[in-house]
Protein chains: 2
Amino acid sequence: MSTITNIRDASSEGDDSMEDGGSSIYERLRDDIIHGRVKANERLKVADLASRMGTSTNPVREALQQLRGEGFVIMTPNRGARVRPIDEEFVRDICEIEVLIEPALTRWFVGIVTKEDIEELESIQAEIEGLNFADEMKHSNLDLRFHKLMYDRHYNRHAVDLWMRHRHILWAISRRFPTSLSRQSNVLDEHRELLACIKAQDADGAARMIGRHVEGSGRHIIERMRLARLTAP
Amino acid sequence: MSTITNIRDASSEGDDSMEDGGSSIYERLRDDIIHGRVKANERLKVADLASRMGTSTNPVREALQQLRGEGFVIMTPNRGARVRPIDEEFVRDICEIEVLIEPALTRWFVGIVTKEDIEELESIQAEIEGLNFADEMKHSNLDLRFHKLMYDRHYNRHAVDLWMRHRHILWAISRRFPTSLSRQSNVLDEHRELLACIKAQDADGAARMIGRHVEGSGRHIIERMRLARLTAP
DNA sequence: GATTGACAAATAATGTACGATCTGGAAGCT
DNA sequence: AGCTTCCAGATCGTACATTATTTGTCAATC
């Protein structure tokens, strides 16, 4: 229970009031939860967190309240906050929701797509194929740009926000594990097929494709999580 | 811009430290936003709210953070909080999401439904038909019980939570307006047909039915909102 | 004379410190 | 053993200090 956020402080050694490099308390806590640095259902004591973060208690309390609103922590009156377990169930849950939402967003995108959009998508896709998973970080950014381009102009901002939130969570989790080779080739295939459907103005096909894509990603992450849990508990 | 939460203080007159009747600051603020007592994009000043609520600023700040997590207020650093507009767009957005989620939840329910469940659903439906919209409040509760029974045992807690949140918002909004007679009869019809599909183990039919039900409710609320906005701006 | 720029004062958000209140568990009593 | 009492620890609320933003004024320039 010692190192939670201090894990990444290895570089800046015994430094209390570290000038936080742009990351807010909220983000730090959120990352600690998503990355599993705090155990499931573990109690989060504001005083502890405050000293660990190098601030007073008030910012921590507000961060916790925000996290409660987003469902990452569970708070009971006069009894503090506990972390919601980010386990395979959680991933499955949000993936299932995405399987419902993303096809709808995609279907709409096919209806409004322009020649320029397709060109940009293809250029992104070319970049993705170019680096071929050499840099996971870069790949993730490109992948995000790919999907963001499709969804960003959608009128349903609420749905897009939901997608973004889920996406960030999944991305943070999947960053813990490497992507298997088979999944890598599947991702490339799925993107290619998706592009083909978009170009052909086949909304149903594109929706079906994105559904498969999301489901595949989710399944892959869950398998990796299960594996990691079994090998190194 | 004077009376926001004080509207309901009319009864307890000039009483500073009113023993709040179970409603937390968070709930008060949330209701004020949903019910449109605060104008869209209006700035929420913590000091104002604190004095209005009869407390100090800290509880207000935490409530605002929670609301931010849930997307009801938008906060920018060093610039405070603004209320997210709860307009027709907002309702349309969450209804569209529900149109995607609820059919999936319903489909699963049809797969695990027992004889006892159906009996209880029918008893609730009988009660609903019995009071025939005489008491909107009671009707809402029964309607909630009806759908809750279907969704509550679903394994995807995240999706069910989302549904619950959306449901509460919609309910709070629709409470502002009376339900039209035509919509009333439609609701009854839709429930009846839904029950028939469930009894017949017709998952696709039930899903289609609930989709129509949600869409109809959403459309009705939006129309009412538009009407109210046009008649009394 | 009107516009724009900088500077200063007000206003409001953010952070810190401390006291009040509640919970949980351990020690003591029947 | 079971119940009560009490104390340590943590949360929650209040007050205050600090910092950032906004506003208003005045002067300099076009």
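Residue numbers begin at 1 in each chain, while the letters A, B, ... track the order of the sequences.
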### Message
Under 4.0 Å, counting only non-hydrogen atoms across every strand here, what does B/T55 touch: a base, just sugar-phosphate, or nothing?
### Response
sugar-phosphate
## Note on the structure
Contact string for nucleotides 19-25 of chain C, one letter per nucleotide 5' to 3', B = base within protein heavy-atom range under 4.0 Å, S = sugar-phosphate only, - = neither, reads ---SSS-
### Query
What's the CD1-P distance between B/I25 and D/dC12, to the nearest Å?
12 Å
## Note on the structure
From CE of A/M75 across to P of D/dA10 the rounded distance in Å is 15 Å
### Message
If I take atom NZ in residue B/K45 and atom P in nucleotide C/dA10, what distance separates them, rounded to the nearest angstrom?
### Response
16 Å
### Summary
Between CZ of B/R61 and C1' of C/dT16 the distance, given in whole Å, is 10 Å
### Query
Taking CG from B/N58 and C1' from C/dA17, how many angstroms apart are they, rounded to a whole number?
12 Å
### Message
Evaluate B/W108 against B/Y151 for ring pair (Phe, Tyr, Trp, His ring centres under 6.0 Å), listing each step before the verdict.
### Response
CA-CA 9 Å; B/W108 185 82; B/Y151 304 148; over 10 Å; no
### Query
Do A/D152 side-chain atoms and A/L149 backbone N/O form a donor-acceptor pair below 3.5 Å?
no
### Query
Would you find a donor on one side and an acceptor on the other, under 3.5 Å apart, between the side chain of B/Q66 and the backbone of B/A63?
no
### Nucleotide C/dA13, atom P - distance to CD of A/E62 in whole Å
11 Å
### Query
Has A/R175 got its NZ or CZ under 6.0 Å from the middle of the six-membered ring of A/W171, at an angle within 45 degrees of the ring axis?
yes
### Task
Please check if the side chain of B/R84 supplies one atom and the backbone of B/F72 the other of a donor-acceptor pair under 3.5 Å.
no
### Query
Counting distance only, does the side-chain N/O of B/R157 pair as donor-acceptor with the main-chain N or O of B/H154 below 3.5 Å?
yes
### Query
Can you tell me how far C1' of D/dG13 sits from CE of B/M53, to the nearest Å?
15 Å
